[in-house]
Structure formats: C-alpha cells, structure tokens
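Here the structure is laid out as structure tokens; the discussion comes afterwards.
We use all heavy atoms of the structure for the numbers below, so side chains are in, but hydrogens, waters and symmetry mates are not.
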Amino acid sequence: MSVGNKADVSGNDLLQYWEDDPATGVILLYLESLGNPRRFARIARRVGRRKPVVVLHSGLSRAGGRAARSHTAALATTAATADALFRQAGLVRADALEELFDLALVLDGQPLPRGRRVGIVTNAGGPGVLCADACEAAGLTVPELSPGLRAALAEACPAAASVANPVDLLASAGAESFRRAVRLLLDSGEVDALVAIFTPVGLVDPGEVGPAVAAEVTRANGAEVPVVACLLGGAEHRTHLDGPGGRIPCFPFPETAGRVLGKAAAYAAWRAAPEGVLPDFDDLDCAAARDACRRALAAHGAGWLSADDTRTVLSAVRLPLVPGHVARTADEAAEAAARFGFPVAVKLASRQLVHKTDVGGVRLGLADAEAVRLPARAAPAAAAAAPRARRPPRPSAGRRTGTATAAA
C-alpha cells in the first residue's frame with residue numbers, strides 16, 4: 001500500500017489495521033521518517049508480539065535525508081536513534097530493499113529459530129565456508145557436531161565427505177545424499193536452523209535436490225527448525241525450492257542465508273523474552289532535565305550535551321553519579337581532585353569531540369595534583385588539533401573550547 005505523503009493515513013494506522021488482518025502474516029514497512037516515534041514504537045512493540053514487522057528506513061545519510069525532504073518533506077532521523085527505537089520495539093531491520101523481501105520469505109514461510117545454532121549442508125566447500133562466516137557475523141553459531149551425529153553422517157554420506165559443520169557432501173552428491181544429511185541434522189536436536197547449499201557442477205540434476213530437501217523438511221516439521229536453501233548459478237533466480245510438502249526459501253548467495261537467519265533469530269529471541277515493565281519513579285525532576293535540554297538546544301542547536309548539562313540531566317532523573325567538577329584551568333582541576341581524594345580521572349569535556357580517548361583526552365588513576373595538571377593543561381590543544389572527522393555529524397555553532405573534568 002502506497003500512502004504518498006501520509007497526509008491522512010499514516011504507518012501507525014496501517015500497523016493497527018494489519019495487526020488483526022487474518023490475511024497478513026508479515027508486515028513490511030518502507031519509512032523515510034517517524035512522525036510520532038513514541039506512538040509508533042508502542043504500536044510496533046504490540047504488533048511484533050504477534051506478527052513480524054520488517055522495516056527498511058531510508059534517509060539516514062546526509063544525501064538521503066536531503067532527498068527525503070525534497071520527496072516527502074520528511075524530517076530525517078539519525079541512524080543511532082532509529083537503531084535504538086527499532087531494537088527496543090522488536091522490529092526487524094532490513095538494510096536494503098532486496099533484504100526486505102528476503103526476510104519476508106523466511107519469516108512468512110518458516111518457523112522462528114529456537115536458538116542460534118545453524119547447521120550447513122553443501123556440495124561445495126567454498127560456499128559452505130562463506131555461509132559459516134556470514135552466520136557468525138550475524139550473531140549465529142555454527143557448532144561442532146557431536147561424535148554420535150558425525151558417525152551417523154559418515155555412514156550415510158559419501159565416503160570422502162566432511163561430516164563436520166558445515167557438512168560437505170562433495171560435488172558428486174545428489175538428491176539422496178542431501179536427503180540423508182538433512183534428515184540427520186533435523187532429527188538431531190543439535191541445530192536450530194539449517195542451510196542447504198547446492199552448486200550445480202554438471203554431475204547431478206539440480207531439479208532433483210530441491211524436492212528431496214523439501215520432502216525431509218515436511219517430514220520433520222514437528223521439529224520446528226527453519227530451513228533455507230541456496231542454489232548457486234542456474235539460468236534464473238529462484239525464490240523457492242518446491243517439494244511435495246511445501247516451499248523452502250531459496251537465495252542465490254550463501255551469505256544472504258546467514259544474514260537473514262541471524263535477523264530472524266534475533267527477532268525470535270526478542271519475542272520469547274518477557275515483555276517487561278516500564279518502571280515509574282516518584283522522585284524524578286523531569287522539568288529540570290527538559291529545561292537543561294532546551295537551554296542547550298537554544299544555545300548550540302542539535303548536538304551533544306556539554307559535561308555540565310549532562311550532569312544536570314542525569315542528576316535530575318536521580319541516576320547515581322561519582323563526584324565531579326568541570327574545571328576551566330589546570331589549577332582548578334587540581335584543587336577539585338584534592339577535594340575528592342586521589343586517585344582521580346581527568347577527561348576532556350568537549351561537545352565537538354565524542355570519542356575523547358582517540359585524542360588522548362582521558363587519563364585514569366592520577367595520584368597527585370601535578371599528575372592532574374599535566375593533562376588538564378594539554379586539553380585545549382588536544383581539542384583544537386583533533387581532526388574534523390572525529391566530531392559528531394552536526395557540530396554545534398560557536399567557538400570551540402576544551403575543558404577538563406576531574407572526577408573521583
């Protein structure tokens with residue numbers, strides 16, 4: 001459904017409609033902005049407990065944000081903000097349009113993984129290794145198989161096959177070899193997901209392998225193990241392997257299978273976790289925290305809070321803080337450290353520099369006043385010499401200053 005500029009119907013409206021729509025199993029969203037992030041997160045969190053919500057969010061780069069503003073007048077959302085919101089709301093984040101539909105194939109056609117263990121069956125070693133790398137990069141594990149399972153695989157597979165994980169059946173493996181290996185892995189209880197990779201080399205009819213794998217998946221459907229396939233090469237791109245009992249999502253590259261299963265497993269873990277509660281405290285000074293943020297916005301525009309403002313906000317919401325003081329001179333830093341008691345830490349306080357350690361702006365375990373003075377004197381020079389690339393994307397306007405914070 002295309003809603004144009006969302007003048008009347010919003011993504012939140014559609015989420016609530018699809019929540020109770022029996023014909024909708026997976027919800028895909030392409031977003032350029034979040035008009036009401038709090039309401040969107042609340043609705044998406046509720047819907048995601050019942051149906052996967054996959055989001056492709058664009059306009060996060062400088063050029064993309066400019067294009068989104070010209071296209072729909074949407075206000076850009078920072079990548080960090082979007083990541084935090086999507087993660088907390090249980091949304092499945094797609095990184096590209098193609099991945100949006102790859103995720104839909106798996107989330108709609110396969111059960112959710114019960115864990116992060118992946119078994120890989122292949123007739124070519126290289127694609128199996130690439131898939132294993134992609135799985136681990138996506139937060140999955142490719143565990144070593146038990147001795148009993150390896151012995152069973154060795155008996156059922158060709159003599160020279162590798163029965164580790166990935167299970168390499170060799171180039172000559174046909175439908176029967178794949179069927180046996182897939183059956184043993186699905187029945188083992190040692191994997192939470194399975195990837196079957198077939199590379200045509202002219203020795204076996206590819207049309208026989210897919211139905212054999214699909215038949216085993218149908219037989220073992222009580223195990224609730226998601227299975228995806230990868231068919232390298234061929235005259236046309238196939239999105240499914242068809243078998244007598246169902247369809248298995250099929251991808252052209254092994255890395256895709258690993259990335260998609262990793263996101264499906266992360267969503268399954270979020271869905272299986274307790275919903276949790278939003279704690280409510282009666283001693284929060286939210287007005288003081290808001291005032292500090294408003295003053296910072298008025299003075300500097302969007303960007304990072306200063307050390308003083310950060311301490312004001314955290315104190316207003318009653319988070320415990322170690323004693324600290326923002327010093328404008330080296331002597332002031334040494335005096336503050338003496339009041340706190342040694343040892344202390346000295347940290348550069350700058351709104352322009354996010355990662356202070358990159359410019360030597362953090363010193364720990366300083367045991368006396370002179371040890372505090374040395375980094376405090378060097379702080380302004382470190383801030384001035386820092387490369388622009390280390391500053392946040394939207395630096396505040398005004399003169400750049402470097403200050404040192406001495407904290408117990």
inquiry  = Please report the interatomic distance NE2(His57) to CG(Leu91), rounded to the nearest 0.5 Å.
reply    = 11.0 Å
ask   = More than 12 non-hydrogen atoms from neighbouring residues, nucleotides or ligands closer than 6.0 Å to CD on Gln16, yes or no?
value = yes
task = Hey, could you give me the CZ/CD distance between Arg259 and Glu99, rounded to the nearest 0.5 Å?
result = 6.5 Å
query = Within the distance-only criterion (no hydrogens, no angle test), does the side chain of Gln110 pair as donor or acceptor with the backbone N or O of Val227 below 3.5 angstrom?
reply = yes
message = Test your reading of the model: is there a side-chain donor-acceptor pair from Glu190 to the backbone of Ser146, 3.5 Å cut-off?
response = yes
ask   = How close do Glu136 and Val142 get, heavy atom to heavy atom, and via which atoms?
value = OE2-N, 3.9 Å
note = In this structure, CG of Leu153 is separated from CZ of Arg183 (nearest 0.5 Å) by 13.0 Å
inquiry  = Between Leu185 and Leu145, is there a side-chain heavy-atom distance shorter than 4.5 Å?
reply    = yes
request  = Would you check, one step at a time, whether the test side chain to side chain contact (heavy atoms under 4.5 Å, CB included) holds for Asp331 with Arg373?
outcome  = CA-CA 7 Å; Asp331 288 339; Arg373 287 190 180 94; 3.0 Å; yes
request  = Carefully, step by step, assess Thr310 and Trp304 under the rule side chain to side chain contact (heavy atoms under 4.5 Å, CB included).
outcome  = CA-CA 9 Å; Thr310 300; Trp304 299 98; over 6 Å; no
Chi angles and distances behind the salt bridge (charged side-chain N to carboxylate O under 4.0 Å, His left out) call for Glu370, Arg377 = CA-CA 11 Å; Glu370 190 55 33; Arg377 292 189 183 109; 3.5 Å; yes
query = Which atom pair, heavy atoms only, marks the closest approach of Tyr30 to Ser58?
reply = OH-OG, 2.8 Å
task = May I ask you to say whether Asp192 pairs ionically with Arg116, meaning some side-chain N is under 4.0 Å from a carboxylate O?
result = no
inquiry  = Give me the atom names and distance for the closest heavy-atom approach of Ala171 to Val201.
reply    = O-CG2, 3.6 Å
task = Go through the steps to decide whether Val55 and Ile27 satisfy the test side chain to side chain contact (heavy atoms under 4.5 Å, CB included), and finish with yes or no.
result = CA-CA 8 Å; Val55 176; Ile27 298 170; over 6 Å; no
message = Would you say that Asn123 contacts Val209 through its side chain, given a criterion of any heavy-atom pair below 4.5 Å between the two side chains?
response = no
Tell me which donor-acceptor pairs under 3.5 Å the side chains of residues 287-295 have, and how far apart each pair is, sequence neighbours excluded?
from, atom 1, to, atom 2, distance (Å)
Asp291, OD1, Arg294, NH1, 3.4

Arg93 (side chain) donor-acceptor with Val54 (main chain) under 3.5 angstrom = no
request  = Please determine if Asp95 and Lys263 form a salt bridge, counting it only when a charged side-chain N lies under 4.0 Å from a carboxylate O.
outcome  = yes
query = Just wondering, do Leu103 and Tyr267 contact through their side chains at under 4.5 Å, heavy atoms?
reply = no
inquiry  = Are Ser315 and Leu321 packed together at the side-chain level, in the sense that at least one heavy-atom pair is separated by less than 4.5 angstrom?
reply    = yes
task = Kindly determine whether Leu105 and Phe251 satisfy side chain to side chain contact (heavy atoms under 4.5 Å, CB included), including the steps that lead there.
result = CA-CA 10 Å; Leu105 287 174; Phe251 304 113; 4.2 Å; yes
ask   = Counting only heavy atoms not in Phe253, do more than 12 sit closer than 6.0 Å to its CZ atom?
value = no
request  = Go through the steps for Asp13 and Ser10 under the test side chain to side chain donor-acceptor pair (under 3.5 Å), then give the verdict.
outcome  = CA-CA 5 Å; Asp13 297 326; Ser10 71; 3.3 Å; yes
query = Does any non-hydrogen side-chain atom of Leu169 lie less than 4.5 Å from one of Val167?
reply = yes
query = Is atom CZ of Phe342 surrounded by more than 12 heavy atoms (other residues, nucleotides or ligands) closer than 6.0 Å?
reply = yes
ask   = Of all heavy-atom pairs between Ala257 and Val228, which one has the smallest distance, and what is that distance?
value = CB-CG2, 3.9 Å
inquiry  = Between Leu231 and Pro200, is there a side-chain heavy-atom distance shorter than 4.5 Å?
reply    = yes
Identify all side-chain donor-acceptor contacts of residues 35-44 below 3.5 Å with residues at least two apart in sequence or on another chain.
from, atom 1, to, atom 2, distance (Å)
Asn36, OD1, Arg39, N, 3.2

note = Scanning both residues in full, the closest heavy-atom pair of Pro375 with Leu366 reads CG-CD1, 4.0 Å
request  = State plainly whether the residues Asp282 and Arg318 are in salt-bridge range, i.e. N to O under 4.0 Å.
outcome  = no
ask   = So how far is it from Leu14 CG to Asp21 CG, rounded to the nearest 0.5 Å?
value = 11.0 Å
remark   = Looking only at heavy atoms, the pair that brings Pro254 and Ile197 closest together is CB-CD1, 4.0 Å
query = Between Asp187 and Arg219, is the closest basic N to carboxylate O distance under 4.0 Å?
reply = yes
CZ-OG distance between Arg150 and Ser162, expressed to the nearest 0.5 angstrom = 10.0 Å
task = Answer whether the closest heavy-atom distance between the side chains of Glu332 and His325 falls below 4.5 Å.
result = yes
ask   = When rounded to the nearest 0.5 angstrom, what distance separates CH2 in Trp270 from CD in Gln88?
value = 11.5 Å
key: CD/Glu155: more than 12 non-hydrogen atoms of other groups inside 6.0 Å   = no
query = Is the closest side-chain heavy-atom distance between Pro143 and Asn165 below 4.5 Å?
reply = yes
key: Whether Arg179 side chain and Val213 backbone form a donor-acceptor pair below 3.5 Å   = no
